[in-house]
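All values reported here derive from a predicted model rather than from experimental measurement. We name chains A, B, ... by the order of the sequence lines, and we start the count at 1 in each one.
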Number of protein chains: 2
Amino acid sequence: MYQEILTKCILFSDLSKEELSYALQFFSATEKFYEKGDFLNKVTAPLKSFGLVLSGTIQVYMDDIDGNQMIMANVGEGDTFGESLCFLQREAPVYICSLTDSAILWMNTDRIKNPDAHFTYRDIVLANRFTAMLANRTLAMNDRIQILSKLSIRDKLITFFSQYSNRYGSQEFEIPFDRNDMATYLGVNRSALSRELAHMREEGIIDFHKNQFQIKNIFANQ
Amino acid sequence: MYQEILTKCILFSDLSKEELSYALQFFSATEKFYEKGDFLNKVTAPLKSFGLVLSGTIQVYMDDIDGNQMIMANVGEGDTFGESLCFLQREAPVYICSLTDSAILWMNTDRIKNPDAHFTYRDIVLANRFTAMLANRTLAMNDRIQILSKLSIRDKLITFFSQYSNRYGSQEFEIPFDRNDMATYLGVNRSALSRELAHMREEGIIDFHKNQFQIKNIFANQ
DNA sequence: TTATAATGGTTGCATTTGCAACGAATATAT
DNA sequence: ATATATTCGTTGCAAATGCAACCATTATAA
């Protein structure tokens, strides 16, 4: 049922039915269901598993030094969370909360970290897929850091748009955020973001409608 | 000669002489020397290796959409670069340039990605060390994203300081940046950073001398 | 020593941006 | 259908911050 979602994850993409079944077993995959508002972990214990969101949305956050909550990630369908902490068996004061009703596929890396004598070629391939997942994660985080490092909203937007444009090979693309999440991703205030988007549209640099954006002549001004 | 530097890298820490030798061979390690200003890669070709800086400092950057150069990383002694791109064999328009005279240990992940029939237990262990390196990298990038996501310089500094304080388990610590690099890391203007640091000192929240910082009562105000 | 470069602090100013409040439009639930 | 919640844009205002220019101090080189 969740087949399509699984195949979106690099761990399980392009596997035969038999291989998929083996992979799920290799990562000790078990499905669990949560209701809106449920907590997925105990803060006191280190993460023994990482998760793949099969349906719904979950949020990872930690308490800030001044008591506020720092949102670390909103994780939607097909995306994973906690891989690094799980692999490193690192303790971290993170809370994982289900924003909607959700289904999570919990997995662990025990078979990678504690290989037995029968570690086979396909085990190595699966371990490499896990590594590739982390590598992809660092590249995605790097993209975000590029954006966040820009000093002005305008520059952040230009970087953000050009990344999407490159990724899709097109001047026109849809982004997976609403304005609120977009502002969070860019690290700016929502209304200031709206204002800057309006300015850029006035200047003829971009056009947009809801999540659909079009780059017109981003190089022209500035 | 570079023994101490190697052992700082998770790939090579706590290895016997014999194991170290095997690890170097496993990653096809070869040393190369560069002069200040030398380029370490050809932009047109994908990265076939990742690097460990044995001495000196190198910089990774790419051309921005508007022709400016985006600095992606300053890599100092003992730190690595290009692991993700190398492992994924991903092409990316990055420039790698030596800021000083430098010595680089080039390595690759061929033995991980193309395991032969004799893939042994210690090969698995080394592959896992590589994975752990990536996992650590994502955690470090996450810390930086936490900081960059804050909207004010004050909040960025508070987050930055509390990370260091947690890491060293002390209210007093030394940071590895000069003011310029610190401003870049925090994603703010250097003089604005100096100004905010001065304010925080006036308010008795922190004290500092050069790279030596002391948190006094960061919780008090705000 | 002297000269030069690098580093860090200070400040005036213009601009940007966060913030709050509000309203319109749309979506969702009852 | 009606009510309610969500999303998005707009705007006035105050505060934060980028920017540039300058100076002091320290480090480095000649």
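Looking at residues two or more places apart in sequence or on another chain, you find a side-chain contact (heavy atoms from CB on, under 4.5 Å) between Gln163(B) and Asp143(B), Gln146(B), Ile147(B), Thr159(B), Arg167(B). Listed by chain and residue number, Trp106(B) satisfy the ring-ring contact (aromatic ring centres under 6.0 Å, His included) test with Phe81(B) (two or more places apart in sequence, or in another chain).
Atom pair Leu197(A):CG and dT7(D):C1' shows a separation of 14 Å (rounding to whole Å applied). In this structure, the CZ atom of Phe177(B) is 15 Å from the P atom of dT7(C), given to the nearest Å. Put simply, CG on Asn211(B) is 11 Å from P on dT7(C), counting in whole angstrom units. Protein atom NZ of Lys36(A) is 12 Å distant from nucleotide atom P of dA5(D), rounded to whole Å. We find that CZ of Arg179(B) is positioned 16 Å from P of dG18(D), with the value rounded to whole Å. The CG-C1' distance, from Asp178(A) to dT6(D), rounds to 9 Å in whole Å. Atom CE of Met182(A) and atom P of dG9(D) are 9 Å apart (whole Å). As rounded to whole Å, 9 Å separates atom P of dT26(D) from atom NE2 of His209(B).
Ring to ring, Phe130(B) and Phe87(B) are close: their centroids are under 6.0 angstrom apart. Residues Tyr164(A) and Phe213(A) place their aromatic rings such that the two centres sit no closer than 6.0 Å.
Remark on the helix from dT1(C)-dA30(D) to dT30(C)-dA1(D): inter-end axis angle 50°, axes from five-pair C1' superpositions, rounded to 10°.
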Query - Base-contact (B) and sugar-phosphate-only (S) positions in nucleotides 14-30 of chain C, heavy-atom cut-off under 4.0 Å, - elsewhere - result: ---BBBB-----S----
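Side-chain N/O atoms of Arg195(B) and Asn189(B) include no donor and acceptor closer than 3.5 Å. A donor atom on one side chain and an acceptor atom on the other are not found under 3.5 Å apart for Asn142(A) and Arg137(A).
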Name each donor-acceptor pair under 3.5 Å that joins a side chain in residues 72-79 of chain B to protein atoms two or more places apart or in another chain, with its distance.
residue, atom, partner, partner atom, Å
Asn74(B), OD1, Gln59(B), NE2, 3.0

Using a 3.5 Å cut-off and no angle test, enumerate the donor-acceptor pairs between side-chain atoms of residues 96-103 of chain A and protein atoms at least two apart in sequence or in another chain.
residue, atom, partner, partner atom, Å
Ser98(A), OG, Thr100(A), O, 2.4
Ser98(A), OG, Ser102(A), OG, 2.7
Thr100(A), OG1, Thr57(A), N, 3.0
Asp101(A), OD1, Lys36(A), N, 2.9

Requested in this report: Give the intermediate values and the outcome of salt bridge (charged side-chain N to carboxylate O under 4.0 Å, His left out) for residues Lys216(B) and Glu203(B).
Outcome: CA-CA 10 Å; Lys216(B) 302 176 81 169; Glu203(B) 297 177 31; over 6 Å; no
